[in-house]
Structure formats: C-alpha cells, structure tokens
Amino acid sequence: MGTFITSVAGVIFYVTIAPFYPNMSIDPDWLLGVLFGLGGIAGMYLGAAVRVMPAKAIKCVLTARS
C-alpha cells in the first residue's frame, strides 16, 4: 500500500510539472505504470492466497530464467 501511495504521488507531481518543461519529456509512462500496477495487484493477491508454499517451489520460481 505504501508503494501505491508513493507511486500515485509521483504521478501527480510529474503530471503537474510537465507543462513547465515543454522541451523535455517528463510525462509518466502510463503503459508501464499500468503493467507494474497489475503485477503488484497479482502479487498481493497471490501472496495472500498462498499460505504455505514449499521452499523448493519458491527456489525454483526465484531462480527461473526467462
């Protein structure tokens, strides 16, 4: 929740100051923000839903390469 509040504050700040810097691209990357937000929501849901996960499964997930 703290990360969400900080992110919203950052977006508000950059959207507010963007008109003062017309020659610079300081607008938020909306697509990336939405994707990170969806990943955060999925992580919160899965973290709350999965009560017990074997250590071996956690190690496999954390060491998997894409």
Side-chain angles (χ1 to χ4, degrees):
M1 190 61 164
T3 304
F4 175 74
I5 292 170
T6 305
S7 298
V8 170
V11 168
I12 291 170
F13 176 76
Y14 279 103
V15 167
T16 303
I17 68 168
F20 297 109
Y21 298 94
N23 297 332
M24 297 176 67
S25 177
I26 59 171
D27 288 334
D29 187 346
W30 295 104
L31 177 61
L32 191 60
V34 168
L35 291 175
F36 281 153
L38 292 174
I41 291 170
M44 287 189 301
Y45 175 75
L46 291 175
V50 178
R51 296 282 182 205
V52 178
M53 189 172 192
K56 187 168 184 157
I58 293 172
K59 288 178 185 177
C60 289
V61 169
L62 292 176
T63 59
R65 292 184 177 221
S66 53

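The structure displayed is predicted, hence computed values, not measured ones.
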Could you tell me which residues satisfy side chain to side chain contact (heavy atoms under 4.5 Å, CB included) with L31, sequence neighbours excluded, listed by chain and number? D29, L35

Is there a chain of hydrophobic side chains (I, L, V, M, F, W, Y, each step under 4.5 Å between heavy atoms) that links L38 to M44? no

With rounding to the nearest 0.5 angstrom, report the OG1 to CZ distance, T6 to F4. 10.5 Å

Using the rule that two of Ile, Leu, Val, Met, Phe, Trp, Tyr join whenever any of their side-chain heavy atoms come within less than 4.5 Å, decide whether V34 and I41 are in one cluster. no

Under a 4.5 Å side-chain heavy-atom rule over Ile, Leu, Val, Met, Phe, Trp and Tyr, are I12 and W30 clustered together? no

Hphob cluster co-occupancy, V61 + L46, side-chain heavy atoms under 4.5 angstrom: no

